[in-house]
Amino acid sequence: MRSVLFARSVLCSGVAVAALLVNFAAAAETPIGADKQSAVAVTIYNNDLALIRDSRSVMLTKGENDLAFIEVSAGIRPETALLTGRGSALDILEQNFDFDLLTPQKLLEKSVGQTIRVVRTNPDTGADVTEDATVLSVAEGQVVLKIGDRIEVTPPGRLVYSAVPATLRDRPTLVVKVASDKAGEVPVDLSYLTHGLSWAADYVAELSPDEKTVNLNGWVTLTNQSGIAYKDAKLQLVAGEVNQVQPPMPAAPMMEAMDAVGAVRQKMVEEAAFEYHLYSLDRPTTLKENQTKQVALLSAEAIPVEKQYLLLNVGNVAGTYLTRLGETGRVNAEVRMKLQNDEKSHLGLPLPAGVVRVYKNDSDGDAVFVGEDHIDHTPKNEELDLMLGRAFDVTARGKQVSYDKIADNLYETGYEIEVKNAKKEAITVTLREFIPGDWKMLEESAKHAEYDSATAEWQLQVPAEGSAKLTYKVRITY
């Protein structure tokens, strides 16, 4: 009961201090609130980093001025702040970022050793009784008070303060001391880097009934956890890895209508910026505090795709070419979807890193989720290779059929891989086998290609509701 009453007292005291905020700022300090804002631009990078350009008008007096910029990001990096005057030079003397924010708990902590008042209400008469109290300690959510000749812990009643400590602010505030040789209203631009703003690309791909093409929608998901809102902001996004010096260590988007067949439509304007790509929204937008917002990035349709069934290391399980091995366990083939990011394929745009989610309609026309994969930043004319899942009806088993150790570092080993296809149509399956050391293929039932210097690759035709076998023998010098 005492903790409940204490919580109520803290809340009541929070209401009481609101009335004191009018007298919070020092007399020499000029508050520059959001009402003085003429424009704001937000450029968000990939790694929890954003550049804010905040334009406001300030009233200067001749001499030194303490300008308190209220409602700056709580995640501001103060050392990056830059204040410039448009049409006039400002002499910046110093700047301070006050982030010790006013809360009931902070108010208590700052009052340790100070005298406050405890107000109790008589439940029978409704009369208030007020006593002076000294705050001895605030720890673990409890307050220790000395009232007269007694010590009380979390006493019932309301805690009343006579003033707000000068070190507490109700909102994050950047105070800049500037010198001006004349008085008057001056437009200024405040720029700074901040944490708390992030963005990610999300893509929705709708697979055609014949699985030969996809329609693609790109979305940008913005998240604002910087502590303030940005109203009618000019929004830009930077795709690419911007280096930052590190200190020492201490929901699925909605589908929308597509354009004409074969067209790609950019919903955000894209341009090169240094070694990165810059995406600009063509209209102002508001980023509310603690909000996730989605804006359209691009849309395209009839993008040709290739579906691939891939089996990896079915014979060579965990690099066992140099040891004896019996039959391996059954594995299901990976299902992959490949598409080209080029103009011929109705794309040809720099694609920011993000998640591609693929859907296909069932016989009733209802969308079914068939898989997703993450893509890295993908330049124009590069391939997208998406791993969507594992095929239920395409399986394989491997078996070692021969093993000879010719010398200490020379082996000959043979394998048989059987691939089964329970589907009602014939398919082509890609098999890749990692082979260690220096190797030479001695025998094989189908011609291999070298996927890379350590991997052999075969294309195996598997009939409908049937099976096919691959056999090979390899000599390895290790």
Quiz item: Does Leu237 offer a backbone N or O that forms a donor-acceptor pair with the side chain of Trp199 under 3.5 Å?
Solution: no
Exercise. Evaluate whether atom NZ of Lys293 has more than 12 neighbouring non-hydrogen atoms of other residues, nucleotides or ligands under 6.0 angstrom away.
Key: yes
Quiz item: With distance as the sole criterion, is a donor-acceptor pair present between the side chains of Asn332 and Thr395 under 3.5 Å?
Solution: no
Exercise. Taking all heavy atoms of Arg53 and all of Ser191, pick out the closest pair and write down the distance.
Key: CG-OG, 3.7 Å
Quiz item: With side chains defined as the heavy atoms from C-beta onward, is the minimum distance between Asp128 and Arg158 less than 4.5 Å?
Solution: yes
Self-check item: Any donor-acceptor N/O pair, Asn65 side chain to Leu67 backbone, under 3.5 Å
Solution: no
Exercise. Evaluate the criterion side chain to side chain contact (heavy atoms under 4.5 Å, CB included) for residue pair Leu347 and Asp342; output intermediate values, then yes/no.
Key: CA-CA 5 Å; Leu347 264 180; Asp342 56 25; 6.0 Å; no
Quiz prompt | Minimal non-hydrogen separation, Ala81 against Leu190, with atom names | solution = CB-CD1, 4.5 Å
Quiz item: Between Arg357 and Asp373, is there a side-chain N and carboxylate O pair less than 4.0 Å apart?
Solution: no
Quiz item: Salt bridge or not for Arg120 and Glu152, using N-O below 4.0 Å?
Solution: yes
Exercise. Take His377 and Asn46 through the test side chain to side chain contact (heavy atoms under 4.5 Å, CB included) and record every step on the way to the result.
Key: CA-CA 11 Å; His377 296 306; Asn46 285 123; 3.3 Å; yes
Quiz prompt | Spacing of Lys146 atom NZ and Thr134 atom OG1 [to the nearest 0.5 Å] | solution = 7.0 Å
Quiz item: Taking C-beta and beyond as the side chain, do Met337 and Lys307 meet within less than 4.5 Å on heavy atoms?
Solution: no
Self-check item: Phe392 atom CZ: more than 12 heavy-atom contacts under 6.0 Å
Solution: no
Quiz item: Less than 4.5 Å apart, any side-chain heavy atom of Leu297 and any of Val295?
Solution: no
Quiz item: Does Asp189 reach the side chain of Leu83, with side-chain heavy atoms less than 4.5 Å apart?
Solution: no
Quiz item: Nearest 0.5 Å, what's the CH2-OG distance between Trp219 and Ser299?
Solution: 9.5 Å
Self-check item: Check: Thr80 side chain, Leu193 main-chain N or O, donor-acceptor pair, under 3.5 Å
Solution: yes
Self-check item: Salt bridge flag under 4.0 Å for residues Asp385 and Arg336
Solution: yes
Practice problem: Give a yes or no answer on whether the side chain of Tyr192 reaches the backbone of Ser73 with a donor-acceptor pair at less than 3.5 Å. | Solution: yes
Quiz item: With a 3.5 Å cut-off and no angle check, do the side chains of Asp35 and Gln37 form a donor-acceptor pair?
Solution: no
Quiz item: Counting distance only, does the side-chain N/O of Asn224 pair as donor-acceptor with the main-chain N or O of Leu222 below 3.5 Å?
Solution: no
Quiz item: Are any of the side-chain nitrogens in Glu29 or Lys177 under 4.0 Å away from the carboxylate oxygens of its partner?
Solution: no
Quiz prompt | Gln340, CD atom: more than 12 neighbouring heavy atoms under 6.0 Å | solution = yes
Quiz item: If only atom types and distance count, is the side chain of Asn215 paired as donor or acceptor with the main-chain N or O of Ala302 below 3.5 Å?
Solution: yes
Exercise. Taking atom types as modelled, find out whether Asn341 and Glu383 have a side-chain donor-acceptor pair closer than 3.5 angstrom.
Key: no
Exercise. Kindly indicate, with the supporting measurements, whether the criterion side chain to side chain contact (heavy atoms under 4.5 Å, CB included) is fulfilled by Val118 and Ile147.
Key: CA-CA 9 Å; Val118 178; Ile147 303 175; 4.2 Å; yes
Quiz prompt | Interatomic distance, Leu287 atom CG to Tyr230 atom OH [nearest 0.5 angstrom] | solution = 8.0 Å
Quiz item: Any sub-3.5 Å donor-acceptor pair from Glu457's side-chain atoms to Glu433's backbone N or O?
Solution: no
Practice problem: Of all the heavy-atom pairs spanning Pro304 and Ser345, show the shortest one and how long it is. | Solution: CD-O, 3.7 Å
Self-check item: Test item: side-chain donor near acceptor, Thr115 and Asp132, under 3.5 Å
Solution: no
Quiz item: Quick one: does Leu197's side chain get under 4.5 Å of Val42's, heavy atoms only?
Solution: yes
Self-check item: Sub-4.5 Å side-chain heavy-atom contact between Glu109 and Leu107
Solution: no
Quiz item: Side chains of Tyr279 and Pro350: closer than 4.5 Å at any heavy-atom pair?
Solution: yes
Quiz prompt | Worked check of side chain to side chain contact (heavy atoms under 4.5 Å, CB included) between Asp54 and Val188 | solution = CA-CA 8 Å; Asp54 190 342; Val188 298; over 6 Å; no
Quiz item: Just by distance, do the side chain of Thr286 and the backbone of Asp232 share a donor-acceptor pair under 3.5 Å?
Solution: yes
Self-check item: Straight-line distance of Ser180 OG to Asp91 CG, nearest 0.5 Å
Solution: 9.5 Å
Exercise. Measure across Ile435 and Ala456 and return the closest heavy-atom pair with its distance rounded to 0.1 Å.
Key: CD1-CB, 4.1 Å
Quiz item: Using 4.0 Å as the upper bound for N to carboxylate O, is an ion pair formed by Lys338 and Glu306?
Solution: no
Quiz prompt | Ser208 (side chain) donor-acceptor with Thr213 (main chain) under 3.5 angstrom | solution = yes
Self-check item: Under 3.5 Å donor-acceptor, His195 side chain and Leu49 backbone
Solution: no
Self-check item: Side-chain heavy-atom pair Leu108, Tyr161 within 4.5 angstrom cut-off
Solution: yes
Self-check item: Exercise: identify the closest heavy-atom pair between Leu90 and Gly85
Solution: CD1-N, 3.9 Å
Practice problem: Heavy atoms only: give me the nearest Ala333-Leu311 pair and the separation to one decimal. | Solution: CA-CD2, 3.6 Å
Exercise. Would you mind checking if Glu211 and Lys360 are paired as a salt bridge, meaning a charged N to carboxylate O distance below 4.0 Å?
Key: yes
Self-check item: Separation between CD1 of Ile116 and CD of Gln114, rounded to the nearest 0.5 Å
Solution: 10.0 Å
Practice problem: Only one of Val358, Leu207, Leu216, Leu386 passes side-chain contact (heavy atoms from CB on, under 4.5 Å) with Val305; say which it is. | Solution: Leu207
Self-check item: Inter-residue atom distance Asn290.CG - Thr223.OG1, 0.5 Å rounding
Solution: 10.0 Å
Quiz item: When you look at CG of Asp149, are more than 12 heavy atoms from neighbouring residues, nucleotides or ligands closer to it than 6.0 Å?
Solution: no
